[in-house]
Structure formats: C-alpha cells, structure tokens
**Student:** 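Here it is: the structure, laid out below.
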Amino acid sequence: VQHIDILGDPALKLLEEINEAGFPVIFDTARVPQKYFGPGDSIEFLTEPGKLLKLHTLLPDLKIIAAHGGGVLITDPERKSLIGSGIHIEISTSFNTCDWPVNNYAQSIENLVHLLNNHDQDKLFFGSDSPWRNQKTEIEELVRLHLQGRIRRDQMENIFWKNANRLFDLGLA
C-alpha cells in the first residue's frame, strides 16, 4: 500500500513531475481490509480502479500501471471499468484474485481471460509480486491459457516482455 493519497495535492504535484519526466508509475491496486492496516495506514492510501480512472482524467498523459490485474479484493465490475481506459495493467497475483468476493478459481480465470482479451493489448504486463505468489506457477498458468486456445501467442509475448520493452524503452529485440 502506497502511503499517499494519489489524488491529494502533494501526490498530484509529484505525479505531474513524474509525467513531465516521461516516467511510468505503478500503483499497488488493492482493497486491504482495515484489520490488516499497520500503524499510519489509512483507507485514503488505498488505490482502487475508481481512483486510477480519476487520476487518468486529471493527468491523461501519465503512464499509469495498475498492479494485480486491476486489484486484489476488487470486484469484477470495478476491474472491468479499467478495460479500454488507457491505463496499463500488470497481472501478477491475479489468476486467483479476479473473482472477489466469490473466491472461485474458475470464475477468476474467466474474468482474467476477459481482461486479457478485451484490454488494449499494448498495455498488459506480467510482473512479480513475490513473495505473495510463485512466479513460476503464474507463468505456467498463463502458458496453460495459451495452450487451451484462450489467449494467443502474440498476447503472451506482449504480456511477458514486448510491452515492457516498449514502455521502458529497453531496446530488446
């Protein structure tokens, strides 16, 4: 949880400078239950899809990345609001969390496949959320979706490296 309100004045000033410098910014997108808050944590520090969409309206050129497929403990309608929004989406820790509050793995996969097939294909990434999930398992899950014909090979390549290569200008061939 970032310890700032991303829509507050100090954060907006910082985000404007980040935008002017051309850097992307990634947000830990989640709804954390109050019982897990530590000292100094506040609900205003949480970054949910609605806040990201508002930030995107305020700073439309800012390269925003929403972690965890749009958010852990985020409902499917909230997550779907990000589809086609222009916000980048990183999918670590989302194979088993895209179904809140149901907690049904098969539904989570359906929701994730919908996201992967309907969001801007240049704005999807695979990252690491270690130690919360095993990256090897998540890579295998994404490959399995490809082998099942649910996502294409070019989508997988974009998610695994080509999109990051473009966004961060890594120069990989």
**Student:** Just how far is it from atom CG of Leu55 to atom CG of Leu12, taken to the nearest 0.5 Å?
**Tutor:**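 Going from the CG atom of Leu55 to the CG atom of Leu12 covers 6.5 Å.
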**Student:** Answer yes or no: is there a side-chain heavy-atom contact under 4.5 Å between Asn158 and Leu124?
**Tutor:**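 Result no, sub-4.5 Å side-chain heavy-atom pair not found.
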**Student:** Inspect the surroundings of OH in Tyr105 and state if more than 12 heavy atoms from other residues, nucleotides or ligands are less than 6.0 Å away.
**Tutor:** yes
**Student:** Would you confirm whether Asn134, through its side chain, and Thr137, through its main-chain N or O, come within 3.5 Å as a donor-acceptor pair?
**Tutor:** yes
**Student:** If hydrophobic clusters are built by linking Ile, Leu, Val, Met, Phe, Trp and Tyr wherever their side-chain heavy atoms come under 4.5 Å apart, do Leu14 and Ile64 end up in the same one?
**Tutor:**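 Yes, because Leu14 and Ile64 connect within a single hydrophobic cluster, where side-chain heavy atoms sit under 4.5 Å apart.
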**Student:** Which atom pair, heavy atoms only, marks the closest approach of His68 to Arg79?
**Tutor:** O-NH1, 3.7 Å
**Student:** Hey, what do you get for CG (Asn104) to SG (Cys98), rounding to the nearest 0.5 Å?
**Tutor:** 12.5 Å
**Student:** Assess whether a salt bridge exists between Glu110 and Arg150, defined as any Lys/Arg side-chain N lying under 4.0 Å from an Asp/Glu carboxylate O.
**Tutor:** yes
**Student:** Going hydrophobic residue to hydrophobic residue with side-chain gaps under 4.5 angstrom, can you get from Ile4 over to Val32?
**Tutor:**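 Different clusters.
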**Student:** Please assess Lys63 against Ile18 for the test side-chain contact (heavy atoms from CB on, under 4.5 Å), listing each intermediate value before the final yes or no.
**Tutor:** CA-CA 9 Å; Lys63 297 170 191 150; Ile18 290 170; over 6 Å; no
**Student:** Is there a continuous path of hydrophobic side-chain contacts, each under 4.5 Å between heavy atoms, that joins Val72 to Phe37?
**Tutor:**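 As far as the 4.5 Å side-chain criterion goes, Phe37 and Val72 are not connected within one cluster.
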**Student:** Are the charged groups of Glu140 and Arg144 less than 4.0 angstrom apart, N to O?
**Tutor:**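 Salt bridge between Glu140 and Arg144, a charged N being under 4.0 Å from a carboxylate O: no.
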**Student:** I'd like to know whether Leu115 forms a side-chain contact (heavy atoms from CB on, under 4.5 Å) with Ile83, so could you lay out the CA-CA distance, the side-chain angles of the two residues, the decisive distance to 0.1 Å, and finally the verdict.
**Tutor:** CA-CA 7 Å; Leu115 171 72; Ile83 294 175; 3.7 Å; yes
**Student:** When clusters are formed by joining ILVMFWY residues with side-chain heavy atoms under 4.5 Å apart, either directly or through shared neighbours, do Trp100 and Phe27 land in the same one?
**Tutor:**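 As far as the 4.5 Å side-chain criterion goes, Phe27 and Trp100 are not connected within one cluster.
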**Student:** Is there a donor-acceptor pair closer than 3.5 Å between any side-chain N or O of Asn165 and the backbone N or O of Trp161?
**Tutor:**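 Not confirmed, Asn165 side chain does not pair with Trp161 backbone.
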**Student:** About how many Å separate CG of Asn111 and OG1 of Thr97, when rounded to the nearest 0.5 Å?
**Tutor:**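 Atom-to-atom, Thr97:OG1 and Asn111:CG are 10.0 Å apart.
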**Student:** Are any of the side-chain heavy atoms of Ile91 and Leu116 separated by less than 4.5 Å?
**Tutor:**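 Side-chain contact under 4.5 Å: yes.
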**Student:** Is the shortest side-chain heavy-atom distance between Ile65 and Leu167 below 4.5 Å?
**Tutor:** yes
**Student:** Please assess Leu145 against Phe95 for the test side-chain contact (heavy atoms from CB on, under 4.5 Å), listing each intermediate value before the final yes or no.
**Tutor:** CA-CA 11 Å; Leu145 292 177; Phe95 292 87; 4.3 Å; yes
**Student:** Under 4.5 Å between side-chain heavy atoms, hopping through other hydrophobics if needed: is there a path connecting Val143 to Ile109?
**Tutor:** yes
**Student:** Which heavy-atom pair separates Ala66 from Leu82 by the least distance, and what is that distance?
**Tutor:**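 Minimum heavy-atom contact is CB-CD1, 4.3 Å.
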**Student:** Would you say Ile43 has more than 12 foreign heavy atoms packed within less than 6.0 Å of its CD1?
**Tutor:**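 Counting neighbours around CD1 of Ile43, 12 or fewer heavy atoms of other residues, nucleotides or ligands fall under 6.0 Å, so no.
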**Student:** Please assess Leu52 against Ile6 for the test side-chain contact (heavy atoms from CB on, under 4.5 Å), listing each intermediate value before the final yes or no.
**Tutor:** CA-CA 8 Å; Leu52 290 180; Ile6 66 166; 4.0 Å; yes
**Student:** Ring-plane angle category for Phe126 and Phe160, please: parallel below 30°, perpendicular beyond 60°, tilted otherwise.
**Tutor:** perpendicular
**Student:** Work out which heavy atom in Glu138 is nearest to a heavy atom in Thr93; give both atom names and the distance.
**Tutor:** OE2-N, 2.9 Å
**Student:** Determine whether the side chains of Asp154 and Gln121 contain a donor N or O and an acceptor N or O closer than 3.5 Å.
**Tutor:**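 Their side chains do not contain a donor-acceptor pair, so the 3.5 Å distance test is not met.
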**Student:** What distance do Thr29 atom OG1 and Ile74 atom CD1 have between them, rounded to the nearest 0.5 Å?
**Tutor:**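 Those atoms lie 7.5 Å apart.
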**Student:** Do Asn96 and Glu141 have side chains that approach each other closer than 4.5 Å (heavy atoms only, starting at C-beta)?
**Tutor:**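 They are not in side-chain contact.
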**Student:** Go through the steps to decide whether Glu17 and Lys13 satisfy the test salt bridge (charged side-chain N to carboxylate O under 4.0 Å, His left out), and finish with yes or no.
**Tutor:** CA-CA 6 Å; Glu17 290 181 27; Lys13 288 180 182 177; over 6 Å; no
**Student:** Once you round to the nearest 0.5 Å, how far does CZ of Arg166 lie from CZ of Phe168?
**Tutor:** 12.5 Å
**Student:** I need the minimum non-hydrogen distance between Pro33 and Leu73, along with the two atoms involved.
**Tutor:** CD-CD1, 3.5 Å
**Student:** Has the side chain of His119 got a donor or acceptor atom that lies under 3.5 Å from a matching backbone atom of Ile87?
**Tutor:**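 At least one qualifying donor-acceptor pair exists.
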**Student:** Verify, without hydrogens or angle tests, whether His56 (side chain) and Ser85 (backbone) share a donor-acceptor contact under 3.5 angstrom.
**Tutor:**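 Yes, the answer is positive, given that a donor and an acceptor are paired below the 3.5 Å cut-off.
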**Student:** If you look at every heavy atom in Arg31 and Thr75, which pair is closest and at what distance?
**Tutor:** NH1-N, 4.3 Å
**Student:** Without swapping roles, check the side chain of Lys51 against the backbone of Phe45 for a donor-acceptor pair under 3.5 Å.
**Tutor:**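 Absent.
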**Student:** Got a second to check how far Asp76's CG is from Ser81's OG, nearest 0.5 Å?
**Tutor:** 10.0 Å
**Student:** If you look at every heavy atom in Leu46 and Ala30, which pair is closest and at what distance?
**Tutor:**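 Reported closest heavy-atom pair: CB-O, 3.9 Å.
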